[in-house]
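A short worksheet on the structure shown next.
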Amino acid sequence: MIAAANTQQPAPHPQTEQSETANDVPADPKPAGTFMPLYLQTEPQWASVPYAGGTICDSGCGLTCAAMAVTYLTGQEVTPPDLAAAVGDSCLTDGVNDPEKFGKWIVETYHDSGITSTGKLYRLDDALEQVDAGAIAFAGIHNGTLGDAAYTGHVVMIWRHDDDGYWVRDPDSGVNSTRAFSREELEQANLVYFVCMKGGTNGDAGN
């Protein structure tokens with residue numbers, strides 16, 4: 001496992017959660033299902049950290065999503081630079097973030113936590129069915145538009161479904177990360193693959 005960051009009080013609604021700077025001190029577990037951090041690639045405390053031949057700011061979408069996933073699934077806050085230091089280039093394929101490799105790395109690293117990860121799925125319906133059942137889903141965008149942003153290649157995370165719709169953590173957009181999306185909006189975003197994860201401290205009841 002890797003060093004965790006400062007603890008942070010969980011917020012009751014996805015719109016109010018914020019991230020903090022890592023300082024390598026142990027973190028207290030968060031109550032199951034109450035804490036999903038919002039990390040953005042552009043946050044100044046880590047934007048310029050080298051990663052994937054560039055920096056977290058320009059190349060760290062999948063890494064940033066994976067750091068949020070680790071925090072959510074394990075209950076210990078792990079920031080993008082913490083994770084970058086731990087995985088190096090091992091979760092890249094042809095120099096690009098590979099959520100399937102991040103999923104496998106998380107399962108293997110936190111092997112006592114009961115976390116599971118799928119291989120790549122290619123149907124939105126399959127991914128949303130798992131989110132409805134309590135999973136989180138990495139989603140790869142190719143030449144698509146999500147909310148306020150257009151992407152040629154990007155990774156976001158669908159992490160919650162409630163009466164408002166599907167909540168997304170977009171590491172490049174605070175606006176997209178603090179609103180719900182309808183199924184129709186997700187269908188129009190050109191999401192081309194998904195990797196779903198569940199279990200851990202959060203169990204299957206966080207969504």
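Numbers for residues simply follow the sequence, beginning at 1.
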For Val192, the side chain to side chain contact (heavy atoms under 4.5 Å, CB included) test, sequence neighbours excluded, returns His142, Asn190
Provide the closest heavy-atom pair for Trp105 versus Cys91 in the form atom of the first, atom of the second, distance.
CB-SG, 3.9 Å
Rounded to the nearest 0.5 Å, how far apart are CD1 of Ile106 and OG1 of Thr116?
11.5 Å
Taking side-chain hydrogen bond (donor to acceptor under 3.5 Å, both in side chains) as the test, write out the residues that go with Thr93, two or more places apart.
Asp98, Lys101
The side chain to side chain contact (heavy atoms under 4.5 Å, CB included) partners of Ala150 (sequence neighbours excluded) come to Thr145
Measure from the side-chain N and O atoms of Asp148 to the backbone N and O of Val175, and report whether any donor-acceptor pair falls under 3.5 Å.
no
Evaluate the side chain to side chain contact (heavy atoms under 4.5 Å, CB included) criterion for residues Asp126 and Thr118: first the C-alpha distance (whole Å), next the side-chain angles of each, then the deciding distance (0.1 Å), finally the verdict.
CA-CA 11 Å; Asp126 292 339; Thr118 67; over 6 Å; no
Looking at every non-hydrogen atom in both residues, tell me the closest pair between Ala127 and Phe194 and how far apart they are.
CB-CG, 3.5 Å
With sequence neighbours left out, which residue pairs that include part of residues 182-193 fulfil the salt bridge (Lys or Arg N to Asp or Glu O under 4.0 Å) condition?
Asp125-Arg183, Arg179-Glu185
Quick one: CD on Gln41 to SG on Cys65, what's the gap to the nearest 0.5 Å?
8.0 Å
Would you say that Tyr193 contacts Val155 through its side chain, given a criterion of any heavy-atom pair below 4.5 Å between the two side chains?
yes
List the steps, then state whether side chain to side chain contact (heavy atoms under 4.5 Å, CB included) holds for Leu92 with Tyr51.
CA-CA 10 Å; Leu92 304 176; Tyr51 178 70; 3.3 Å; yes
Can any side-chain N or O of Ser177 pair as donor or acceptor with the backbone N or O of Asp170 at less than 3.5 Å?
yes
Residue list, ring pair (Phe, Tyr, Trp, His ring centres under 6.0 Å) with Tyr151, at least two apart or on another chain:
His154
Non-hydrogen atoms of Val70 and Tyr110 that approach each other most closely
CG1-OH, 3.6 Å
For Ala135 and Cys196 the tightest heavy-atom approach is CB-CB, 4.4 Å
Taking side-chain hydrogen bond (donor to acceptor under 3.5 Å, both in side chains) as the test, write out the residues that go with Asn143, two or more places apart.
none
Check: Met157 and Met68 side chains under 4.5 Å, non-hydrogen atoms
yes
Check: Leu40 and Glu43 side chains under 4.5 Å, non-hydrogen atoms
yes
Linked, directly or transitively: Val195 and Tyr122 (ILVMFWY side chains, under 4.5 Å):
yes
Hey, can you pull the donor-acceptor pairs under 3.5 Å for the side chains in residues 53-64, sequence neighbours left out?
{"unit_1": "Thr55", "atom_1": "OG1", "unit_2": "Ala47", "atom_2": "O", "d": "3.4"}
{"unit_1": "Thr55", "atom_1": "OG1", "unit_2": "Cys57", "atom_2": "N", "d": "3.3"}
{"unit_1": "Thr55", "atom_1": "OG1", "unit_2": "Asp58", "atom_2": "N", "d": "3.3"}
{"unit_1": "Thr55", "atom_1": "OG1", "unit_2": "Asp58", "atom_2": "OD2", "d": "3.3"}
{"unit_1": "Asp58", "atom_1": "OD1", "unit_2": "Thr55", "atom_2": "N", "d": "2.9"}
{"unit_1": "Thr64", "atom_1": "OG1", "unit_2": "Gly60", "atom_2": "O", "d": "2.7"}

Quick one: does Thr71's side chain have a donor or acceptor within less than 3.5 Å of a partner on Ala67's backbone?
yes
Would you say the side-chain atoms of Thr74 pair up with the backbone N or O of Gln76, donor to acceptor, closer than 3.5 Å?
yes
Note, Phe181 side chain near Ile158 side chain (heavy atom, < 4.5 Å):
no
Does a side-chain heavy-atom distance below 4.5 Å link Val87 with Phe102?
yes
Hey, is the main chain of Pro37 close enough, under 3.5 Å, to the side chain of Arg169 for a donor-acceptor pair?
yes
Would you check if Ile136 and Tyr72 make a side-chain contact, meaning some heavy-atom pair closer than 4.5 Å?
yes
Out of curiosity, Ser117 OG to Phe138 CZ, how far, rounded to the nearest 0.5 Å?
7.5 Å
Where is the tightest heavy-atom contact between Leu146 and Asn176, given as atom of each residue plus distance?
O-ND2, 2.8 Å
Rounded to the nearest 0.5 Å, the OG1 atom of Thr109 sits from the NZ atom of Lys104 at a distance of 13.5 Å
Take atom NZ of Lys120 as the centre, draw a 6.0 Å sphere, and report whether it contains more than 12 heavy atoms from other residues, nucleotides or ligands.
yes
Residues in ring pair (Phe, Tyr, Trp, His ring centres under 6.0 Å) contact with Tyr166, at least two apart in sequence or another chain
His161
Measuring only between side-chain heavy atoms, which start at C-beta, is Trp46 closer than 4.5 Å to Asp82?
no
Quick one: list whatever passes salt bridge (Lys or Arg N to Asp or Glu O under 4.0 Å) with Glu129, sequence neighbours left out.
none
